[in-house]
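Please find one structure pasted underneath; my questions will follow.
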Amino acid sequence: DYLYEVRFKNACVLICKTGYSLEEIAVKEGFSTTSTFNRNFKRIVGTSPYHWKKSPENFETRLADFNILVEKGW
């Protein structure tokens with residue numbers, strides 16, 4: 001689950017800060033299918049990636065709930 005948390009924290013940042021599609025983000029985070037990405041995103045984050053993208057307040061409030069460190073190269 002830790003690896004998923006790291007992947008999805010990074011995915012949340014990519015969703016909010018880039019113009020990548022959810023499919024592109026799924027591939028960038030190491031998922032071979034979008035359905036696997038969507039299912040596990042909802043399990044870890046508590047909402048679908050689509051709803052995360054449509055609710056900008058998620059970035060400010062819910063992303064802070066992740067108690068993990070994601071740094072480039074880590």
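In this text, all values refer to a predicted model and were calculated from it rather than measured experimentally. Numbers here are sequence positions counted from 1.
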**Message:** Using the side-chain contact (heavy atoms from CB on, under 4.5 Å) definition, which of the options Ile15, Leu22, Thr34 pairs with Phe41?
**Reply:**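 In the set Ile15, Leu22, Thr34, the residue that makes a side-chain contact (heavy atoms from CB on, under 4.5 Å) with Phe41 is Ile15.
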**Prompt:** Say you draw a straight line from CZ of Phe8 to CG of Asn10; how long is it, rounded to the nearest 0.5 Å?
**Reply:**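 Atom-to-atom, Phe8:CZ and Asn10:CG are 11.0 Å apart.
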**Request:** Quick one: list whatever passes side chain to side chain contact (heavy atoms under 4.5 Å, CB included) with Arg43, sequence neighbours left out.
**Result:**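 Expected list: Asp1, Tyr4, Asn40.
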**Prompt:** Considering the options Phe31, Trp52, Tyr50, which one meets the ring-ring contact (aromatic ring centres under 6.0 Å, His included) requirement together with Phe37?
**Reply:**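 Passing option: Phe31.
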**Asked** Listed by chain and number, what are the side chain to side chain contact (heavy atoms under 4.5 Å, CB included) partners of Tyr20, not counting sequence neighbours?
**Response**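 Per chain and number, Tyr20 pairs via side chain to side chain contact (heavy atoms under 4.5 Å, CB included) with Leu14, Thr18, Glu24, Ile25, Lys28.
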**Prompt:** Between atom NZ of Lys54 and atom OG of Ser48, what is the distance when rounded to the nearest 0.5 Å?
**Reply:**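 The NZ atom of Lys54 sits 11.0 Å away from the OG atom of Ser48.
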